[in-house]
Amino acid sequence: MAVVAKIAPSMLSSDFANLASEAERMLRFGADWLHMDIMDGHFVPNLTIGAPVIESLRKHTKAYLDCHLMVTNPLDYVEPLAKAGASGFTFHVEVAKDYWQDLVHQIKVKGMRPGVALKPGTPVEEVYPLVEGENPVEMVLVMTVEPGFGGQKFMPETMDKVRALRKKYPSLDIEVDGGLGPSTIDMAASAGANCIVAGSSVFGAKEPANVISILRKSVRDAQQSS
Ligand code: DX5
Ligand code: ZN
């Protein structure tokens with residue numbers, strides 16, 4: 001069975017002062033997930049939101065909150081984010097090489113869905129053990145820009161990693177994040193990505209609902225022709 005398309009607007013591009021209504025608007029426009037970029041100003045040179053903001057948003061929505069942790073110490077975030085109501089917890093492999101087993105275990109114990117992310121320069125082989133272990137992650141996020149900021153240019157060379165993952169794991173959720181929009185989605189969809197994060201292309205559009213449906217259609221079309 002083909003994996004399901006999930007379109008996840010990145011709330012980093014929203015008006016943070018109106019987060020609840022921005023979230024509501026995206027769900028009304030057809031979003032499946034809300035992508036929440038958590039940055040610590042250390043792993044990446046930007047500082048965004050943490051558990052208190054997730055907790056506030058959770059009071060306004062039942063949506064799947066797809067949390068992407070661009071932080072140096074993801075272990076410290078498991079408990080607070082679980083309490084805050086996070087749904088997915090995706091950490092970066094680059095910081096968790098020595099303790100990912102414990103981390104994945106804790107994420108699951110706390111009732112969240114574990115995912116692992118990799119930066120453009122990180123070889124895809126580094127996540128294989130996390131997908132194949134006895135306590136596996138349930139999603140791989142292939143960064144298609146350097147993490148840290150919205151509005152950057154999609155890096156097509158990262159598609160080799162998506163292709164390799166899809167070939168090896170036909171039923172794995174593979175997420176792409178950075179520079180995705182109507183002009184780049186076909187590359188990601190045909191490589192095998194099914195979870196699509198899009199910030200500036202959705203929030204910057206006159207009709208975000210159209211962009212969301214273009215993204216979904218591209219994933220579905222690619223699945224049908226593969
Ligand atoms: C970047 C973040 C992304 C970002 C994507 O580090 O992980 O989620 O918000 O934004 P766009 O779609 O504008 O590249
Ligand atoms: Zn992200």
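We count ligands from 1, going down the list as the structure has it; atoms in each ligand are counted the same way. Sequential numbering from 1 along the given sequence is applied to the chain's residues.
Remark: ligand 1 atoms within the under-4.0 Å shell around heavy atoms of Gly178 are 14 (O). When each atom of ligand 1 is checked for a heavy atom of Met70 under 4.0 Å away, the hits are 6 (O), 7 (O). Within ligand 1, counting atoms from 1 as listed, the ones closer than 4.0 Å to a heavy atom of Gly148 are 1 (C), 6 (O). Within ligand 1, the atoms closer than 4.0 Å to a non-hydrogen atom of Ser10 are 4 (C), 8 (O), 9 (O), numbered from 1 in the order shown. Of all atoms in ligand 1, numbered sequentially from 1 with element shown, those under 4.0 Å from a heavy atom of His35 are 8 (O). Under a 4.0 Å criterion applied to the non-hydrogen atoms of Ser200, ligand 1 contributes the atoms 11 (P), 12 (O), 13 (O). Listed by number with element, the atoms of ligand 1 under 4.0 Å from a non-hydrogen atom of Ala198 are 12 (O).
Looking at Arg216 and Asp32, a side-chain N of the basic residue comes within less than 4.0 Å of a carboxylate O on the acidic one, giving a salt bridge. The residues Arg58 and Glu55 are annotated as not salt-bridged, no charged nitrogen and carboxylate oxygen being separated by less than 4.0 angstrom.
The cationic group of Lys6 does not satisfy the cation-pi geometry with Tyr64, failing either the under 6.0 Å distance to the six-membered ring centre or the 45° limit from the ring axis.
When hydrophobic clusters are built by joining Ile, Leu, Val, Met, Phe, Trp and Tyr residues whose side-chain heavy atoms come closer than 4.5 Å, directly or via intermediates, Val93 is not grouped with Val145.
Polar contact with ligand 1: present for Gly151 (N/O pair, distance under 3.5 Å). Remark: ligand 1 and His68 share an N or O pair separated by less than 3.5 Å (distance only, no angle test).
Residue Asp177 approaches the Zn ion (ligand 2) most closely through its N/O/S atom OD2. Taking the Zn ion (ligand 2) as reference, His68 places its N/O/S atom ND1 nearest. Nearest N/O/S atom of Asp37 relative to the Zn ion (ligand 2): this is OD1.
The single protein non-hydrogen atom nearest to atom 5 (C) of ligand 1 is Asp177 OD1, 3.5 Å, given as residue, atom name and distance. Protein heavy atom in closest approach to atom 10 (O) of ligand 1: Gly150 CA, 3.5 Å.
Ligand 1 does not have Val145 within reach: every non-hydrogen atom of the residue lies 4.0 Å or more from it. Within the 4.0 Å heavy-atom shell around ligand 1 one does not find Ser201.
For residues 96-107, every residue pair satisfying the salt bridge (Lys or Arg N to Asp or Glu O under 4.0 Å) rule, not counting sequence neighbours, is listed here: Lys97-Glu126.
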